[in-house]
Amino acid sequence: MSETKAPSNFIRQIIDRDLSEGKNDGQVVTRFPPEPNGYLHIGHAKSICLNFGIAESYKGACNLRFDDTNPEKEEDEYIQSIQRDVEWLGFEWAGEVRFASNYFDRLYELAVELINKGLAYVDSLSPEQIAEYRGNFTTPGKESPYRERSVEENLALFEKMRANQMEEGEAVLRAKIDMQSPNINLRDPILYRIRKKVHHQTGDKWVIYPMYDFTHPLSDAIEGITHSLCTLEFEDHRPFYDWVVENTSVAATPRQYEFARLNLNYTVTSKRKLKQLVDEGHVDGWDDPRMPTISGLRRRGYTPASIRHFCESVGVSRADSVVDMAMLEAAIRDDLNQHAPRAMCVMNPLKLVIENWEEGKEESLTAPVHPQNETMGTRQVPMTREVYIDKEDFREEANKKFKRLVLGDRVRLRYGYVVRATDVVRDDSGEIIEIRCSYDSDTLGKNPENDEGQGKLRGVIHWVSASKGLPCEVRLYDRLFTVPNPGKVEEGQTFQDNINPDSLKVLSGCWVEPGLRGVLAETRYQFEREGYFCVDQDSSDNLLVFNQTVGLRESWPKDN
RNA sequence: UGGGGUAUAGCCAAGUUGGUAAGGCAGCGGGUUUUGAUCCCGUUAUUCCCAGGUUCGAGUCCUGGUACCCCAGCCA
C-alpha cells in the first residue's frame, strides 16, 4: 500500500502551532494509556494510530503506559495482549513499557504536598454520604464536615490510610476545590481510596490507590508528555487535569486534547460489552473473528496496514460519529486485492465429470499467483477428469445474465479449458449430484474457434481437482449484530438481544487447490470469485481451516 | 434541569485572515477484463441544523432558536 502522508487534523494543527511558537523545546511526546482490563479493539486502534502516528511524523516519542490504578479489574493477560496488539499494528513505544503504578511513590509524595498546601484533605464521610454531598446537576454540593481538618490531622490520617490502619470505605483523600462548581468533577474530587487488593505490579505494597483523575496528569507530567490525547468524555475532567499539574511540583505542563472516539455500526466497541460477549459465550473468545478487537480482526485476516489505513481514512475530529463498517471492509479489500495471492476453493462442491478426458490423465496448468502482478509469479494447478465446481455455478436453465455453467452451454474453467455441460446425474431424491460434460482441448489460453452460432462464452468459474484437491473447512462470518446500533435498546431489552444468530456459518467438505498444503496460520488468500480468506489457527495438516475475511464486492443483478 | 461539547451528501470528513463547497466510503452510469473482482472514465450538496442580521459577497462574522452527545463511580 502506498504510504500516504497522514492527513491533517485539528490536533496536528495544534501541534504545528505549538511548534511554531517554540513550545516544549520543539518536542512532541504522546502516550497510549490503556487500562489492562480488557483486549484492545478497533476504537483503541484509532487512538494508537493517532498517538504513535503523531510521534512518528514529528520525530517525537510515544510511550505505552498502562493506566493501572484499579487492581480490581486488571489482569496480566490483558497487559500481554495489549503489548502484542500494539506491536502487531506495527508501532514501537519509546523505551520500556510504563505503568502508572511505577509512579505510586511519587504520587503519594505529591498527594502529601497537596495536603501541606491545604489543597487536599481526608474525608471520613461514607461513600453514600459523599454521593449525597456531591449534589447533582441542578443542586450545588455541600462541603464535608471533615473538609477543614488541619494539615497535621490530614497528614496523620492519610498516613493511617497508607499504613493499612483503616478499612475500605472508611476514608478517602480529596482535593479541596469547590463544592459549588457547576462542573461536578471539581466538587472536591477523590484522589485516593482504600483498596485492599493485591496489585499485578506492586503486589501488596499498597492498600491505597490513586484515582485516574489524579494519576493521569501526573503520569503525563512525569513522562514529559507534551500532548495528552484522550476521548471526548474526558473533556469535563480537563479543568482538574490542569489543576493537578499547576498545584503540584512537577516540572512539565502537559496539555490534554480530546477527540471523538470511534464508533462502528453493527458492532460494539465497549470493553464492558465485549467482555460480556466473551464471558457469556456469545463468541469463542476475545480473538473470535467476529469481534472488533485487534486480535479478532487479526484472526479474521485483517492486516496491520489495513487497520492503520482505515484509522487514517476516518480522520480525527470532535464530532460524535458512527463509521460505516463498509469503510473498514474497503480498507482490507484494498490491501488484500493488491497483496493476497490468488487460489481456488470450492465451498459447495458439485462434481463435474469430463467425459472426453482420458481416465487417469493429469495435466498441470499454470496460473498466475496474482493476475495483475506478474512479479508474484505463477503456480501450478492440477487438472483431472473429475473436478468440483460450486453448486451455485450451475443451473439447468438460465437467462443470458447468468454467467456460469448452464446445461447445454459452455463456460471456462478458470486458467483451464472450456467445458460444455451435456447431462446431469441425479440421486433418488432427484437432486443433481453430478454434471457430465465435454471439454475443448484447443481452448487453453485462447477462446474456441468456429464460434458461429454459439454466442459468447458465458463466463469463467473456479474449480478444484476432485482427486488432487485438499479438503478444508471454511468459516463464513456475518455481522455480529442485526441492527446498526446494538447498544441502543428498548426498555427491558439488552444489547445481547440484538446479536445476530447467524453470524457464523461453518462449511465443511470444501475443497481447495493442492498448492495450499501445509500453509501457516494467518496466511491470506483471495479465493477467486469468492473473497478473501485467512488460514485459521485451528488449521492442521489433516484439515485446513479458513476464515472468511471479507467477500468480494458483488454488483450483479439479483433478478436472473 | 446546571455544566461541557457537536451539527457540512446515505456514512466519515476537509474547509484557519469572509471570495463562490476537497477527498475517502457507499451508490449510480459506462469501458476493459479468463475473478459478476480489480482497474479506468463519468456522475452524486445551487448549499453547509433552522431563522434572522451584517456585508458587494457568509459554511466561515453577529443574534436567537433546534437537535444530538458527555458528566451526578471510592471506574477509566
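Predicted model, so just to flag it, every value in this text is computed and none were measured. Each chain gets a letter, A, B and so on, in the order its sequence line appears, and its residues count up from 1.
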Please check the phosphate of [N] (OP1 and OP2 only) for any side-chain N or O of [X] closer than 4.0 Å.
| X | N | result |
| --- | --- | --- |
| A/Thr69 | B/C75 | no |
| A/Arg529 | B/G36 | yes |
| A/Arg193 | B/C75 | yes |

State whether the distance check finds a donor on one side and an acceptor on the other, under 3.5 Å, for side chain [X] versus base [N].
| X | N | result |
| --- | --- | --- |
| A/Asn183 | B/G4 | no |
| A/Glu530 | B/U35 | no |
| A/Arg404 | B/G36 | yes |
| A/Gln372 | B/A37 | yes |
| A/Arg342 | B/U35 | yes |
| A/Gln526 | B/U35 | yes |

**Message:** For RNA chain B, which residues of residues 38-50 of chain A approach it to below 4.0 angstrom with any heavy atom?
**Reply:**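 Heavy-atom cutoff 4.0 Å gives no residues at all.
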
**Request:** Find out whether the Lys NZ or Arg CZ of A/Arg195 is both under 6.0 angstrom from the six-membered ring centre of A/Tyr209 and within 45° of the ring's axis.
**Result:**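 Negative - A/Arg195 is either too far from the ring of A/Tyr209 or too far off its axis.
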
**Prompt:** With the threshold set at 4.0 Å, does a side-chain nitrogen-carboxylate oxygen contact exist between A/Asp440 and A/Arg410?
**Reply:**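 Looking at A/Asp440 and A/Arg410, the cut-off is not met.
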
